[in-house]
Amino acid sequence: MKLYNTGSRKVEDFTPLKKDKISFYSCGPTVYDKPTIGNWASFIRYDILSRALRMDGYELDWIMNITDVGHLVSDADEGEDKLEKTARRESKTAWQIAEHYSRYFIDGLDYFNISIPKKNIVRATDYIDQQIELVKKLESGGHTYETSDGVYFDSTTFADYGKMARLDLSGQKGGARVGLGEKKHATDFALWKFSPKDKKRDMEWDSPWGKGFPGWHLECSAIALSELGETIDIHAGGIEHIPVHHTNEIAQSESATHKILAKFWVHNNHLQIDGQKISKSLGNGYTLEDLSSKGFNGLDFRMFVLGSNYRNESNFTWEILTEAKQKRIELQAAADLRYQTKGKLKADLQKLKRDITEAFDDNLNTSLAMSVLNSFVQSVSNGFDYDENEFMNFLDWLDNLLGLELLDSKDITAGQMELIKERNLARQDKDWARADRIRGELLKESIALKDTDEETLWYRTN
RNA sequence: GGCGCGGUGGCCGAGGAGUUAGGCAGCGGUCUGCAAAACCGUUUACGCCGGUGCGAAUCCGGUCCGUGCCUCCA
């Protein structure tokens, strides 16, 4: 497989560190609120990468973190972090908020059919000891200093600081809008933050430096290190993490281990809504519930995500999602042909499989793969001549790759089958009223019919 | 202001120096009890301005627009 590596800014051949077993880390959500469909699109893209790797025969160790220890809000809200702020708003503790939204997130993974094993989703607060250990290691290596509010990483002690992001450190200093405070350099960052002296936080822990909580970047380094080892195959995340979060992760991990943190860095671009960025003020931060209330399901959204490629900025509108839903229904209709009478048309499933594989292996060119698949779906829409085993194997393979649950669809019931027969008798008698009435009945059960020259085919409309 | 990424027809999007991507939507037709589908035909695009080529959507420069980060941030 070829993958774009942010480290080299090139598409490279992917080769695993260890044969057949890949370590894969992706940045998860901060659980102080519901993820937007933009966040979900990212998680679906990580899932697509994981499925493509499994298609190529690799076993996968995929870890995703949940950031359940709060972080400061962007506009310096008196040191109050997102979790604690939400907690106050909802009159709960930060722990309750984190638990609530963690559960919500995990339910959402099922909704979108994201294939990460539940045990591989880990919480930052379960790794406090490991995070403290990492800071100790950095301290003894001479990479830290203490200020009145925390322990900081001295970015000048890591020679390659900002290398992946290609940061121009001198330029950054010039453009800095905020004073350094007690920090020695603009790019230094907190490893451990002290609890405010006058306030009791919901979330705080003892440490050798005093009561407090871990810095923002620390959890990913500590979790990756303890779950996947010093060097991992692939680290994935959103494009916005390149300059700060991943830059700092690399600095602290590599300073501690003296090993490369990740061989491949995969960053996915953002989703826009109606051509604009997702923001609370625009009110376009749609959630999973918004999809459902408009009659869409998680698989429709997954189909939408598959239609574009992860490195491009993509645009979401309800109209485009409607198209995606339509395509998913047509694909499902093709899959449901396995229950129905064969047609005469020949189709080369092996070539189709090769073409789809090739597109996925080419830096996850999912939109190309979907257009190839779509051409097939069009061509067989009136049935085709297939070998049962070959078709089933193909569908099974495709389902594992796309995660669209194509094989979950059951055959129609004996009663529904009987209705189709009755309708065809009515058609023979030219009793059109009766034929249309039966068609209407089936449609109420989400079964639509199309009459070809030879027979009547059905497909599901949901 | 600094450092990045991107701009393809009504829409989604692939490709990436010469050869019609594909799909959706549209229009005309074949077919059809109706519907749906299918099939045939049809609409030739790469933000703008320059440059280098026999030839540029594709390379180079500039510019405009969008977007990410530079804020103790996922």
Side-chain angles (χ1 to χ4, degrees), chain A residues 6 9 27-32 35 39 42 65-67 70-76 79 81-82 124 147 149-150 152 162 165-183 186-191 193 215-217 219-220 237-245 247-248 267 269-270 272 275-277 304 307-309 311-317 319-324 326-327 330 333 345 359 362 365-375 377-383 427 430-433 435-436 439-440 443 448-453 456-457 459:
Chain A
T6 307
R9 310 278 161 125
C27 291
T30 304
V31 284
Y32 65 97
N39 303 124
S42 296
N65 67 301
I66 286 181
T67 301
H71 295 309
L72 292 174
V73 290
S74 52
D75 28 29
D81 74 34
K82 289 171 176 173
T147 72
D149 71 341
Y152 282 78
R166 305 198 172 173
L167 297 182
D168 176 350
L169 300 181
S170 55
Q172 284 207 340
K173 275 174 203 158
R177 296 202 302 253
V178 169
L180 288 175
E182 292 178 59
K183 284 204 304 181
T187 46
D188 293 352
F189 56 92
L191 295 166
K193 293 276 291 179
W216 296 336
H217 313 292
E219 60 178 274
C220 288
I239 197 171
E240 76 280 13
H241 295 321
I242 297 170
V244 179
H245 178 54
T247 290
N248 292 344
H267 290 101
N269 211 323
H270 286 220
Q272 291 190 32
Q276 294 182 293
K277 65 173 137 182
F304 161 81
S308 62
N309 290 342
R311 295 238 304 133
N312 296 120
E313 207 166 63
S314 47
N315 189 31
F316 174 92
T317 65
E319 199 182 343
I320 298 167
L321 182 62
T322 303
E323 279 184 22
Q326 185 57 33
K327 281 183 187 165
E330 286 170 9
L345 185 93
D362 182 14
N365 194 340
T366 55
S367 65
L368 181 60
M370 296 315 281
S371 80
V372 168
L373 181 59
N374 209 40
S375 297
V377 169
Q378 295 302 317
S379 70
V380 302
S381 70
N382 281 349
R427 287 172 70 215
K430 297 199 191 307
D431 185 353
W432 310 125
D436 289 350
R439 185 164 62 194
L443 200 55
L449 303 180
K450 50 187 173 187
D451 301 316
T452 70
D453 288 345
T456 297
L457 296 174
Y459 64 96

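The figures that follow rest on heavy atoms only: side chains count, while hydrogens, waters and symmetry mates do not. Below, read A as the first sequence line, B as the second, and so on, with proteins coming before strands; counting in each chain starts at 1.
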Kindly confirm or rule out a cation-pi arrangement of A/Lys450 over A/Tyr459, judged by NZ or CZ under 6.0 Å from the six-membered ring centre and within 45° of its axis? yes
Candidates B/C5, B/A38, B/C11 - which lies nearest the side chain of A/Asn269: B/C5
Using the P atom as the point on both nucleotides, what is the distance between B/C5 and B/U42, in whole Å? 41 Å
Of the candidates B/A14, B/A74, B/C11, the side chain of A/Glu240 sits closest to B/A74
Across nucleotides 22-28 of chain B, 5' to 3', mark each nucleotide with B, S or - according to how protein heavy atoms within less than 4.0 Å reach it. SBS----
Regarding A/Thr147 and A/Asp149, is there a side-chain donor-to-acceptor distance under 3.5 Å anywhere? yes
In terms of side-chain heavy atoms of A/His217, which of B/C72, B/G6, B/A74 is nearest? B/A74
Against the side chain of A/Arg9, the closest entry in B/U67, B/A74, B/G4 is B/G4
Using the P atom as the reference point in each nucleotide, state the distance between B/G1 and B/G62 in Å, no decimals. 15 Å
Taking atom C1' in both B/U32 and B/A25, what distance in whole Å separates the two? 23 Å
Among B/C11, B/A74, B/A36, find the nucleotide with the atom closest to the side chain of A/Thr30. B/A74
Please state the C1' separation for the pair B/G68 and B/U58 - nearest whole angstrom. 26 Å
Looking at B/U67, I'd like to know if its phosphate oxygens (OP1 or OP2) sit under 4.0 Å from a side-chain N or O belonging to A/His270. no
Which way is the base of B/G9 turned, syn or anti, if we draw the line at 90° from 0? anti
CD on A/Glu219 to NE2 on A/His245, rounded to 0.5 Å: 7.0 Å
Can you figure out which of B/G15, B/U67, B/A14 approaches the side chain of A/Asp362 most closely? B/G15
Are any protein N/O atoms closer than 3.5 Å to N/O atoms in nucleotides 32-34 of chain B? If there are, list each pair with its distance.
{"unit_1": "B/G33", "atom_1": "N1", "unit_2": "A/Asp436", "atom_2": "OD1", "d": "3.0"}
{"unit_1": "B/G33", "atom_1": "N2", "unit_2": "A/Asp436", "atom_2": "OD1", "d": "3.4"}
{"unit_1": "B/G33", "atom_1": "N2", "unit_2": "A/Asp436", "atom_2": "OD2", "d": "2.7"}
{"unit_1": "B/C34", "atom_1": "O2", "unit_2": "A/Arg439", "atom_2": "NH1", "d": "3.4"}
{"unit_1": "B/C34", "atom_1": "O2", "unit_2": "A/Arg439", "atom_2": "NH2", "d": "2.5"}
{"unit_1": "B/C34", "atom_1": "N3", "unit_2": "A/Arg439", "atom_2": "NH1", "d": "3.1"}
{"unit_1": "B/C34", "atom_1": "N4", "unit_2": "A/Asp451", "atom_2": "OD2", "d": "3.0"}

